[in-house]
Trainee: 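Quick one: this structure, given as structure tokens, is what I'll be asking you about.
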Amino acid sequence: MKKNQIQGLVWSRILMVMGLVVFGWITTVAQSTTVWIVRHGEKDTALATRANPDLNAEGKQRAMDLATYLQKENIVQILSTDTKRTVQTAAHIKAPLEIYNPRSIQMVAEKIKTTWQGKTILLVGHSNTVLETIDALGGNRPVALLNDEDYDYLFKVIIDPNGKATATAYQFGKPHRGGTSTMR
């Protein structure tokens, strides 16, 4: 074989290997599932005994801030509990909304992994279910605790095709407390 033919074969094999690597990377990225998880916005506490309060003015603004923050995400589904405040938090995001039972977080996590595999969804919950949802998806909690004053956290859980989940915390809208500028 001539030197040019050998070089051509070497380059064609290198390009073939590079192509397979890129194809494998694209396939892996395409199959990752992204779950954005957020607590509902600030609720109206004027009547503390109300069982199902609406969002207050700050919560309504936070719902709009959430939609702005996520506007470039290709959210195909919203999961929300059946409370007014969670549904109102998701109201400005253009995707179908499905009600889920927060008492069945493990079942919800399994449904996310199968029904929306490779897709991006938003789950709107409560201070006592958000971190538990991250756990159920297999991620590590990026913050130790959420309390009644924590409304500005937004969590991103990425589940790779092998089922390994990583969770990251961000903050959006008007800062409430804690966090760092790198979380924005």
Trainee: Just so I know, are the side chains of Ile121 and Val76 near enough to count as touching, which here means a heavy-atom distance under 4.5 Å?
Mentor: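 A side-chain contact exists here, since the closest heavy-atom pair is under 4.5 Å.
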Trainee: Look up atom CG in Leu70 and atom CZ in Phe172, then write down how far apart they are to the nearest 0.5 Å.
Mentor: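 If we round to the nearest 0.5 Å, Leu70:CG and Phe172:CZ are 8.0 Å apart.
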Trainee: Quick one, Val87 and Ile99 - any side-chain contact, counting heavy atoms below 4.5 Å?
Mentor: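 Contact flag for Val87/Ile99 side chains = yes.
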Trainee: If you count the non-hydrogen atoms of other residues, nucleotides and ligands that lie under 6.0 Å from NZ in Lys84, is the total more than 12?
Mentor: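 Correct, the count exceeds 12.
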Trainee: Working note: Arg39 + Asp148, criterion side-chain contact (heavy atoms from CB on, under 4.5 Å); need CA distance, chi angles, decisive distance, verdict.
Mentor: CA-CA 10 Å; Arg39 178 189 182 197; Asp148 283 345; 4.1 Å; yes
Trainee: Side chains of Leu137 and Thr33, heavy atoms from C-beta outward: is any pair under 4.5 Å?
Mentor: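 Contact flag for Leu137/Thr33 side chains = no.
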Trainee: Please find the pair of heavy atoms, one from Thr120 and one from Glu73, that lie closest to each other, and give the distance.
Mentor: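 Closest approach of Thr120 to Glu73: CG2-OE1, 4.1 Å.
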Trainee: For the atom pair CG (Leu131) and CG (Leu145), what is the distance rounded to the nearest 0.5 Å?
Mentor: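 CG of Leu145 is found 7.5 Å from CG of Leu131.
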Trainee: Between CG of Leu122 and CD1 of Ile93, what distance do you get to the nearest 0.5 Å?
Mentor: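 It is 4.5 Å, given to the nearest 0.5 Å.
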Trainee: Given side chains that start at C-beta, do those of Asp135 and Arg141 come closer than 4.5 Å, heavy atoms only?
Mentor: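 In contact.
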Trainee: Determine the minimum heavy-atom distance between Gly138 and Ala165, stating which atoms define it.
Mentor: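 Scanning both residues, the minimum pair turns out to be C-CB, 3.6 Å.
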Trainee: Specify the closest pair of heavy atoms between Ile78 and Ala90, including all atoms of both residues, with the distance to one decimal.
Mentor: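 What the structure gives for the nearest pair is CG2-CB, 3.6 Å.
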Trainee: Can you name the nearest heavy-atom pair linking Lys174 to Asp65, along with the distance?
Mentor: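 So the two residues come closest at N-OD2, 4.0 Å.
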Trainee: Evaluate the side-chain proximity of Leu79 to Ile112: yes if any heavy-atom separation is below 4.5 Å, no if none is.
Mentor: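 With C-beta onward as the side chain, the pair touches.
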Trainee: Parallel, tilted or perpendicular: which fits the ring planes of Tyr170 and Trp36, with parallel below 30° and perpendicular above 60°?
Mentor: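 Tyr170 vs Trp36 ring planes: tilted.
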Trainee: Can you name the closest pair of heavy atoms from Gln117 and Gln31 and give their distance?
Mentor: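 That closest heavy-atom pairing would be CG-O, 4.2 Å.
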Trainee: Roughly how far, to the nearest 0.5 Å, is OG1 of Thr89 from CG of Leu55?
Mentor: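 Leu55 CG to Thr89 OG1: 4.5 Å, rounded to 0.5 Å.
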Trainee: Rounded to the nearest 0.5 Å, what separates atom OG in Ser80 from atom CZ in Arg85?
Mentor: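 The OG atom of Ser80 sits 10.0 Å away from the CZ atom of Arg85.
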Trainee: Whether Arg62 and Asp152 form a salt bridge (side-chain N of Lys/Arg under 4.0 Å from carboxylate O of Asp/Glu) is what I want to check.
Mentor: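 Salt bridge: no.
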Trainee: Please determine whether salt bridge (charged side-chain N to carboxylate O under 4.0 Å, His left out) holds for the pair Glu98 and Lys111, giving the CA-CA distance in whole Å, both sets of side-chain angles, and the decisive distance to 0.1 Å.
Mentor: CA-CA 12 Å; Glu98 181 178 314; Lys111 184 174 182 178; 2.6 Å; yes
Trainee: What's the shortest heavy-atom distance between Asn147 and Ser127, and which atoms?
Mentor: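 Looking at all heavy atoms of both residues, the closest pair is O-CB, 4.1 Å.
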Trainee: Would Lys156 and Thr34 satisfy side-chain contact (heavy atoms from CB on, under 4.5 Å), going step by step from the backbone distance to the final call?
Mentor: CA-CA 7 Å; Lys156 183 178 185 180; Thr34 302; 3.8 Å; yes
Trainee: Hey, does Val108 have a side-chain heavy atom less than 4.5 Å from the side chain of Leu123?
Mentor: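 With C-beta onward as the side chain, the pair touches.
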Trainee: With side chains defined as the heavy atoms from C-beta onward, is the minimum distance between Pro53 and Thr45 less than 4.5 Å?
Mentor: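 Answer no - side chains too far apart.
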Trainee: Does Gln77 reach the main-chain N or O of Pro96 with its side chain, forming a donor-acceptor pair under 3.5 Å?
Mentor: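 Flag set: sc Gln77 to bb Pro96 pair under 3.5 Å.
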Trainee: What do you reckon, is CG of Asn101 surrounded by more than 12 foreign heavy atoms closer than 6.0 Å?
Mentor: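 Yes - once you tally the heavy atoms of other residues, nucleotides and ligands closer than 6.0 Å, there are more than 12.
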Trainee: Just how far is it from atom CD1 of Ile158 to atom OG1 of Thr168, taken to the nearest 0.5 Å?
Mentor: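 It is 6.5 Å, given to the nearest 0.5 Å.
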Trainee: Between Tyr100 and Ile105, does a side-chain contact (heavy atoms from CB on, under 4.5 Å) hold up when you go through it step by step?
Mentor: CA-CA 9 Å; Tyr100 76 93; Ile105 291 294; 4.1 Å; yes
Trainee: Within the 4.5 Å heavy-atom criterion, are Val38 and Tyr151 side-chain neighbours or not?
Mentor: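 Result no, sub-4.5 Å side-chain heavy-atom pair not found.
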Trainee: Ignoring hydrogens and geometry beyond distance, is a side-chain donor-acceptor pair present between His40 and Thr83 at under 3.5 Å?
Mentor: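 Looking only at side-chain atoms, Thr83 and His40 do not form any donor-acceptor pair under 3.5 Å.
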